[in-house]
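For reference, the structure discussed in these notes is given below.
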Amino acid sequence: MTPKNNGGMLSDLFFFIPRLQNRRGIALLVTLAVITVIVALSIELHKQKRLAVLSSAESRNQVTLNYMADSGIHIAMAMLIRDRIDSELDSIQEDWAQPEKRNELLADFPFDEGSLEVSISDERGRIQVNALVALPGHEFNPLQFHIWDRLFGFVKKMDETLSDLDHIAIINSVKDWMDTGDDETITGLTGAESDYYESLDPPYSCRNGPVDHLGELFRIKGITTSLMSGTDNANDLMAYLSVNGATAIAQGSYTFDGMININTAPLPVLAALLPEEFEAYAQDLFDYRIEKSDDQYVNSLTESKWYKHVPGLEELDLQADLITAASDLFRIVATATLQEKQRRITALVQRETGKESGKWGCRILRWQID
């Protein structure tokens with residue numbers, strides 16, 4: 001039997017130990033690498049899951065905000081329908097025009113989270129832009145010209161930065177923008193037809209028809225944001241104007257009667273309605289409508305010529321085809337708030353009776369989401 005070579009065995013053992021240590025080192029490095037990858041994947045998966053949760057929560061909040069604002073529009077429409085059933089007239093003394101009354105109604109429809117605000121304004125309380133021209137045609141509507149003239153006159157007195165404004169030039173340009181004539185003959189010396197607008201950069205054509213939306217006014221010569229918004233929005237001309245109120249007179253043909261609801265018109269519009277000799281009484285007229293005693297309105301607005309009861313206006317006679325006390329067009333703004341996010345919906349609605357049912361309802365003419 002051959003004796004074992006112990007020296008050789010020890011030599012093999014000492015050779016194996018470093019190799020084993022190397023393998024253990026590699027295994028450790030592989031393990032650390034795998035752990036690093038697993039941790040990185042876990043962090044990424046956690047991040048994606050968190051983003052998915054946040055995205056899901058954000059989507060849920062957006063959907064909730066939409067439904068909240070949408071419900072505000074329909075609550076306001078229900079209020080307007082109920083008002084028409086109860087009364088044929090419309091005024092700022094009615095529930096739909098009172099913020100506290102609207103809030104009382106909204107309180108009957110609580111939300112688990114968030115809040116909802118709703119405003120309702122009468123489009124008939126504004127000046128109809130498209131009534132300035134006797135459409136279809138190219139002549140001024142004289143009554144409407146005087147209303148525009150007095151509106152600018154009132155605003156210029158309230159905003160001294162506009163004191164040098166040639167507002168007649170503005171009115172002439174608005175008229176030329178809408179009238180059906182499109183030739184080189186402009187209104188006065190300051191109007192503008194297509195040849196002026198086509199010389200701009202970029203060029204565009206004159207409308208030669210009714211203004212479609214208030215933003216279109218900024219395309220008209222002389223009209224600027226500062227002019228329409230006033231100083232620090234003190235006199236927001238845009239709030240006193242409307243492009244709505246069309247009445248169909250034939251297939252594809254419309255007219256605008258320009259009648260203003262004296263019961264809902266804001267102060268500058270009331271001032272524009274008054275002849276020059278009575279313009280100083282605009283504030284008195286405004287105050288008469290809102291005068292209260294023990295939270296009750298003192299003065300009734302149901303008489304067709306209630307304005308004659310205002311001291312100093314006994315001799316005033318407003319033309320019957322200039323004013324009204326009933327409205328059919330309303331602007332509703334519903335603002336929903338949830339977790340510092342907001343969604344606002346503005347709807348223009350027309351109150352009318354259904355052709356088949358004969359019952360009062362509101363038809364949505366425009367719907368804008370901000």
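Residue E160 places its CD atom among 12 or fewer non-hydrogen atoms of other residues, nucleotides or ligands, all under 6.0 Å distant. Heavy-atom neighbours of E100 CD from other residues, nucleotides or ligands within 6.0 Å: above the threshold of 12. Within 6.0 Å of the CD atom in E279, the count of heavy atoms belonging to other residues, nucleotides or ligands exceeds 12. Residue K359 qualifies as open at atom NZ: its count of foreign heavy atoms under 6.0 Å is 12 or below. The number of heavy-atom neighbours closer than 6.0 Å to CZ of F218, taken from other residues, nucleotides and ligands shown, is above 12. A 6.0 Å sphere centred on CD of E88 holds no more than 12 heavy atoms belonging to other residues, nucleotides or ligands. A 6.0 Å sphere centred on CG of D164 holds no more than 12 heavy atoms belonging to other residues, nucleotides or ligands.
The distance from atom CD of Q128 to atom CD1 of I147, rounded to the nearest 0.5 Å, is 9.5 Å. Put simply, CZ on R331 and CZ on R366 are 9.5 Å apart, with the number rounded to the nearest 0.5 Å. Note: Y196 OH to W177 CH2 = 10.5 Å, rounded to the nearest 0.5 Å. The structure places CD1 of I262 at 11.0 Å from NZ of K305, a figure rounded to the nearest 0.5 Å. Of the inter-residue distances, the one linking D212 atom CG with R207 atom CZ reads 5.5 Å to the nearest 0.5 angstrom. In this structure, OG1 in T302 is found 9.0 Å from CG in N263, a value given to the nearest 0.5 Å.
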Practice problem: Report the C-alpha separation of T337 and Q342 in whole Å, then their side-chain angles, then the decisive distance to 0.1 Å, and conclude whether the side chain to side chain donor-acceptor pair (under 3.5 Å) test is met. | Solution: CA-CA 5 Å; T337 303; Q342 280 194 337; 3.1 Å; yes
Exercise. For the pair H74 and C362, evaluate side-chain contact (heavy atoms from CB on, under 4.5 Å) and give the outcome as yes or no after the intermediate values.
Key: CA-CA 9 Å; H74 286 83; C362 285; over 6 Å; no
Quiz prompt | Working for salt bridge (Lys or Arg N to Asp or Glu O under 4.0 Å), residues R150 and E276 | solution = CA-CA 8 Å; R150 292 193 290 260; E276 186 176 354; over 6 Å; no
Practice problem: I would like to know whether W148 and V129 meet side-chain contact (heavy atoms from CB on, under 4.5 Å); could you show each step before the answer? | Solution: CA-CA 9 Å; W148 279 71; V129 172; 4.1 Å; yes
Quiz prompt | Chi angles and distances behind the side-chain contact (heavy atoms from CB on, under 4.5 Å) call for M68, R343 | solution = CA-CA 9 Å; M68 290 173 66; R343 177 59 48 88; over 6 Å; no
Self-check item: From CA spacing to verdict: side-chain contact (heavy atoms from CB on, under 4.5 Å), M79, D95
Solution: CA-CA 8 Å; M79 200 172 195; D95 288 354; 3.9 Å; yes
Quiz item: What do the steps show when you test R351 against D83 for salt bridge (Lys or Arg N to Asp or Glu O under 4.0 Å), and what is the final call?
Solution: CA-CA 10 Å; R351 193 171 55 186; D83 170 77; 3.2 Å; yes
Quiz prompt | Derivation of the salt bridge (Lys or Arg N to Asp or Glu O under 4.0 Å) call for K308 and E314 | solution = CA-CA 5 Å; K308 285 181 169 289; E314 297 85 356; over 6 Å; no
Practice problem: Could you check Q62 against N66 for side chain to side chain donor-acceptor pair (under 3.5 Å), going step by step and ending with a plain yes or no? | Solution: CA-CA 6 Å; Q62 292 298 326; N66 282 335; 5.7 Å; no
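Under the ring pair (Phe, Tyr, Trp, His ring centres under 6.0 Å) rule, Y288 has a single partner from W306, Y297, Y307, which is W306. For the side-chain contact (heavy atoms from CB on, under 4.5 Å) with F330, the qualifying choice from T264, L348, I120 is I120, the only one to do so.
Of the possible donor and acceptor atoms, one in the side chain of R289 sits under 3.5 Å from a partner among the backbone N and O of A265. For the pair D176 (side chain) and E193 (backbone), a donor-acceptor distance under 3.5 Å is absent. Side-chain atoms of N261 come within 3.5 Å of backbone atoms of D90 as a donor-acceptor pair (strictly under, hydrogens ignored). Using modelled atom types, one side-chain atom of R102 and one backbone atom of W96 make a donor-acceptor pair closer than 3.5 Å. Of the possible donor and acceptor atoms, one in the side chain of S91 sits under 3.5 Å from a partner among the backbone N and O of Q93. Distance alone, capped at 3.5 Å, is enough to place a donor-acceptor pair between the D159 side chain and the T161 backbone. At distances below 3.5 Å, not a single donor-acceptor pair connects side-chain atoms of N141 with backbone N or O atoms of A134. Using a distance-only test at 3.5 Å, with no hydrogens or angles considered, no donor-acceptor pair links the side chain of S173 to the main chain of G191. A distance-only check finds a donor-acceptor pair linking the side chain of N130 to the backbone of V211 [under 3.5 Å].
Contact check for D86 versus E94: no side-chain heavy atoms found under the 4.5 Å cut-off. Counting only heavy atoms from C-beta outward, the side chains of I168 and T190 never approach each other to under 4.5 Å. For the pair T346/I332, no side-chain contact is recorded, criterion being any heavy-atom separation below 4.5 Å from C-beta on. Here the side chains of P311 and D284 are not in contact, with every heavy-atom distance at 4.5 Å or above. A heavy-atom distance below 4.5 Å is found between the side chains of L241 and L217. Two residues are said to be in side-chain contact when any heavy atoms from C-beta on lie closer than 4.5 Å; I345 and V333 fail this criterion. For the pair V155/L237, a side-chain contact is recorded, criterion being any heavy-atom separation below 4.5 Å from C-beta on. Between N244 and L365 there is no side-chain heavy-atom pair separated by less than 4.5 Å.
In this structure, I170 is a member of the same hydrophobic cluster as L200, with clusters built from ILVMFWY side-chain heavy atoms closer than 4.5 Å. By the rule that hydrophobic residues join a cluster once side-chain heavy atoms approach within less than 4.5 Å of another member, V298 and I92 end up as members of separate clusters. Note on L329 and L89: separate hydrophobic clusters, where clusters join Ile, Leu, Val, Met, Phe, Trp and Tyr whose side-chain heavy atoms are under 4.5 Å apart, directly or indirectly. Both Y240 and M178 belong to a single network of hydrophobic side chains, linked directly or stepwise wherever heavy atoms of I, L, V, M, F, W or Y lie under 4.5 Å apart.
Partners of R124 by side-chain hydrogen bond (donor to acceptor under 3.5 Å, both in side chains), not counting sequence neighbours, listed by chain and number: D257.
In terms of heavy-atom proximity, G125 sits nearest to P266 at O-CD, 3.3 Å. Of all the heavy atoms in G258 and A131, the pair that sits closest is CA-CB, 3.6 Å. When all heavy atoms of A271 and F154 are compared, the closest pair comes out as CB-CD1, 3.5 Å. Between I127 and A272, the closest heavy-atom pair is CD1-CB, 4.4 Å. Across all their heavy atoms, K221 and A192 have their closest contact at CD-CB, 3.7 Å.
A parallel orientation is assigned to the rings of H167 and F152, their planes being inclined by less than 30° (bins at 30° and 60°).
In summary, the side chains of S242 and E123 do present a donor paired with an acceptor at a separation below 3.5 Å, with no hydrogens or angles considered. A donor and an acceptor atom, one from each side chain of D122 and S327, are located under 3.5 Å apart.
For the pair R219 and Y197, the cation-pi criterion (under 6.0 Å, within 45° of the ring axis) is not fulfilled.
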